[in-house]
Amino acid sequence: MNILVLIKQVPESQATRMDESTGTLVREAANSVINPLDLHALECALILREQSAATVNIDCLSMGPLAAVSVLKEAIALGADQGYLLSDRKFAGSDTWCTAKTLAAAIAKIGSYDLILCGERATDGETGQTGPALAAMLDLPVLTYASAIKRSADAWQVRRMLEDGYETVETTGPAVVCILKEASVPRLPTLAGKRRARAAECRIINAEELGIDPADTGLNASPTRVVSIFRPNHLKQSERLSALDPAGAEQAVDKIIAIFRQKGVL
Amino acid sequence: MNSAHHGIWILAEQSQGRIDSVSYELLARGRVLADKRKHPLTAVILGANLPDSELQQLIARGADRVLHASAAELAIFSPEPYSACLCALIKEEKPEIMLAAATSSGRTVMPYIAGKLRLGLTADCTDLDIEADSGLLLQTRPAAGGNIMATIKTPTERPQMATVRPHSSRPAEPKPGRQGEIRRWEPPAALLGSRVRRVSFEKAPDERGIQDAEVVIAIGRGIKKAENMSLPRKLAELLDAAVGASREAVDRGWVPYPSQVGLSGKTVSPKVYLAAGISGAVQHLAGMQTSDTIIAINTDPEAPIFQYSELAICGDLFTILPLLAEKIEASRKQS
Ligand SMILES: Cc1cc2nc3c(=O)[nH]c(=O)nc-3n(C[C@H](O)[C@H](O)[C@H](O)COP(=O)(O)OP(=O)(O)OC[C@H]3O[C@@H](n4cnc5c(N)ncnc54)[C@H](O)[C@@H]3O)c2cc1C
Ligand SMILES: Nc1ncnc2c1ncn2[C@@H]1O[C@H](COP(=O)(O)O)[C@@H](O)[C@H]1O
C-alpha cells in the first residue's frame, strides 16, 4: 500500500514579512518548519502503517524553495520512506489553484497512491484549499476536517468535525484526507531516524522534468492576484473615562448601563 | 469571455430542511454587491425538496431568485454530488460571482469546484466590495497571522469565488412581501453519485454559542485566575449574555476553547462586546471588531483595545464588573 503525505514548509514565527510589490510572503526571512498540521498528517500515516499487516510505503511531497529539502528530511527522520521536492522559480507565486495543479502533475508522475494526506490548512496562507482542489484535479473523493482516520475492512474510515457534531464517513478507493490537530499526536524523531534522514536523497523535480504547462503554474498563471496589503485599521473615536476612583467607577458603570439600554439588551 | 457571465450567487445552506442563518449573512453581502453591479442576486440551495415556504425566506431576505437543486442524495452535504450539481449549474447559468460561507461544507465544496473548473477562490474573506472602474470583486481577508489584511482579485476567471467568514457580518432582515422567482431543478442521476458513504453522525450538545448572543462579556488575562471567572459569569447570567475570552484566558484553562474570540477562535458581532482585561492584540481584534458597540475596561491607559472601542474605561475590572452587576440588579428590583 502507498500513502502520500503533502508537506508544506512554513515560516516558524508569525512575524511573516510580505513583499509589498508582489503581495507574496517572503519565505526566506523566517526560520522554516514543517507546517504543524502536516506533522499530524504524517503521524496518521505512520500509525496506519504500524496497524497494517501489509507493507506500507510512505512518500512525502513538497513544493517550495530548495531549502524545503530540510522539511522532507525531517519527515524521513520521523519515519517516511521517500521525499520529493518540486522546486523551480517557475512555480513561485502559485496560488492554491496552481499549487494544487502542480502537485497533481507530480503525483501523476511519481506514483499511484491509496491515500493522500494533507494538513487541513497551512499556518502561512491559511486557506485550506489545496487539499480539496487537488482531490478535484485527481478526480478523487475528498474528506476534509478529519479528526480521526482508520482502516476498516477495505475502507478508509474518517471521523469529520462539523459545526454541529461529528460525522463518520467511509470510502473504499483512494482518497484525499485533510487532517485536523486532534487526529494524532506527532512523535519525535529517533536517533536512528535522524541518521537515516542524513543519508537519504530527496528527489528534486523542476518544471521541465515535471512537464507542466507554464500556463498552469506560478504567479502569472494563478487565477487570483493579491492587489494590496495593509494593516487592519478600525480605529474609533472613543469616549474615554477614567474610573480609577470610586466616583469615576460609578460614572463608568452608569454609562455602560446607558449603552445596554440604548441597544435594547437590558 | 467575461461579459457572458452575469449575476451574483450565494450558496445558501440548510440542515434538516431548515435554512441556516449563515445563508442570511451571505444574502446581506450579496445584496450589496448585486446592487453595485446592478445584477440579480440568486440564492442557490441544495437539499431534498425544500418547501416553498422555506425558500421564500431567502427571497424575503434579499434574493431576487432562488435556485433549488433537489434530490434525496442532496439532503445532507456530500462533496461529490454537491460539487457536480454546482459545476453543472455554473456552466449552464454562468454567474459572475459566487459566494459561500467559510463553513466545513463551504470550505470543502468551493475549492473542489475551483479545482474542477479552474477558478480563482479566496478563503475566509471578511470584507467584499466591487471595484468602481473594473467592476471586479475585491476580496479582503486577514493574512500572515492577522497582522495584515490582503485584498485579492480574480481578473479573468469567472465566476469569481470567495468563502466568507461566518459572523463577520449581520444576517439580512426579512422584508415581508418581497417578490422573487423560484426555480426548482432535479439533477440527473449521473450527478448524484458519491464514493463516500456516511456511516453515522453524533450531534454535539446544543449550547448557546457566543456567536448567537446579543451581548458578549469577554475576559482576558486581566482576570488573573479561574476563581475570578464567577464575576463575568454572574454578569452574563443577568444580561443573558455569553462569556467570551482571549487566547491568553483560554490557554490558561480559565475559559473553554469554544469561547475563544479571534483569529484562531470564533468571529462574533454582537450588539455589545464588553472586553475586560483584554489588551487588544490584532489576532483578538480579528474576531470582534465588527461588533456593533465595543466597550473596553482596562487598567492600562495605553491598551490598544481602547482605540477600537466606543467606550474606553480606564479602570479596574475587579471594581467595575461587580458594581455593574450590583446596579443592574438594583434597577431590576426597582422596576
Ligand atoms: C497566530 C496567532 C493566532 C492567535 N489567535 C488569537 C485568538 O484567536 N484570540 C486571541 O484573543 N488571541 C489570539 N492570539 C494571541 C494574541 O496575540 C494575544 O496574545 C492575546 O489576545 C492576548 O490576550 P489578553 O489580551 O487576554 O492578554 P494580555 O495581552 O496579557 O492583556 C491583558 C490585559 O489585561 C489588563 N489588565 C490587567 N489587570 C487588569 C484589571 N484588574 N482590570 C482591567 N484590566 C486589567 C492589562 O492592562 C492588559 O492590557 C493569537 C496569536 C497568534 C500568533
Ligand atoms: N507547497 C506545498 N507543498 C506541499 N503541500 C502543500 C503545499 N501547499 C499546501 N500543501 C498541503 O495542503 C495543506 C493545506 O494548505 P493551504 O491550502 O495552503 O492552507 C497543507 O497542510 C499541505 O498538506
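In what follows, chains carry the letters A, B, and so on, assigned in the order in which the sequence lines appear, proteins first and then strands, with residues in each chain numbered from 1.
Atom CD of A:E182 sits in a crowded spot, with more than 12 heavy atoms from other residues, nucleotides or ligands closer than 6.0 Å. Crowding of B:R198 atom CZ: a count of heavy atoms from other residues, nucleotides or ligands under 6.0 Å exceeding 12.
In terms of the ring-ring contact (aromatic ring centres under 6.0 Å, His included) criterion, residue partners of B:F77 (sequence neighbours excluded) are, by chain and number, B:Y82.
Contact count against chain A (heavy-atom pairs under 4.5 Å) is highest for B:V196 among B:T154, B:I113, B:V196. Between chain A and the options B:R332, B:R118, B:M110, heavy-atom pairs under 4.5 Å are most frequent for B:R118. Ranking B:S331, B:C314, B:A123, B:G315 against chain A, the residue ahead of the rest is B:C314, based on heavy-atom pairs under 4.5 Å. Here B:R107 is the residue among B:R107, B:E310, B:K271 with the most heavy-atom pairs under 4.5 Å with chain A.
Looking at heavy atoms from C-beta onward, A:T224 lies out of side-chain contact with B:L121 at the 4.5 angstrom threshold. Contact annotation: the side chain of B:F201 never approaches that of A:T168 to less than 4.5 Å [non-hydrogen atoms, C-beta and beyond]. With contacts defined as side-chain heavy-atom distances shorter than 4.5 Å, the pair A:E250/B:K327 qualifies. Residues B:L119 and A:W97 form no side-chain contact, since every pair of their non-hydrogen atoms from C-beta on lies 4.5 Å or further apart.
At a 4.5 Å heavy-atom cutoff, the contact between B:T108 and chain A is made by backbone and side-chain atoms alike. For A:Q251, no part sits under 4.5 Å from any heavy atom of chain B, backbone or side chain. In this structure, chain B has heavy atoms under 4.5 Å from both the backbone and the side chain of A:A135. Proximity to chain A (any heavy atom under 4.5 Å) is shown, for B:T103, by both the backbone and the side chain. Looking at B:I295, only its side chain comes within 4.5 Å of chain A, counting heavy atoms on both sides. Heavy atoms of A:D245 lying under 4.5 Å from chain B are absent altogether. For A:A221, the parts lying under 4.5 angstrom from a heavy atom of chain B are both the backbone and the side chain. Heavy atoms closer than 4.5 Å to chain B are found nowhere in A:L134, neither backbone nor side chain. Residue contact with chain A, scored on non-hydrogen atoms closer than 4.5 Å, is absent for B:S78. Interface residue B:T140: only side-chain heavy atoms are found under 4.5 Å from chain A. Looking at B:P301, the atoms closer than 4.5 Å to chain A (heavy atoms on both sides) all sit in the backbone: N, CA, C or O. Only the side chain of B:E80 comes within contact range of chain A, with at least one heavy atom under 4.5 Å from a heavy atom of that chain.
Ion pair B:R195/A:E170 not flagged as a salt bridge, since none of the NZ, NE, NH1 or NH2 atoms sits closer than 4.0 Å to an Asp/Glu carboxylate oxygen. Between B:R141 and A:E126, no side-chain nitrogen of the basic residue sits less than 4.0 Å from a carboxylate oxygen of the acidic one, so the salt-bridge criterion is not met.
To the nearest 0.5 Å, atom CG of residue B:L311 and atom NZ of residue A:K255 are 7.0 Å apart. Rounding to the nearest 0.5 angstrom, the gap separating the CG atom in A:L162 from the OG atom in B:S105 is 8.0 Å. Atom-to-atom distance recorded for A:S228:OG and B:I152:CD1 is 9.0 Å, nearest 0.5 angstrom. One finds the CD atom of A:E167 at 13.5 Å from the NZ atom of B:K203 (value rounded to the nearest 0.5 Å).
With no hydrogens or angles considered, a side-chain donor-acceptor pair links B:S104 and A:E163 at under 3.5 Å.
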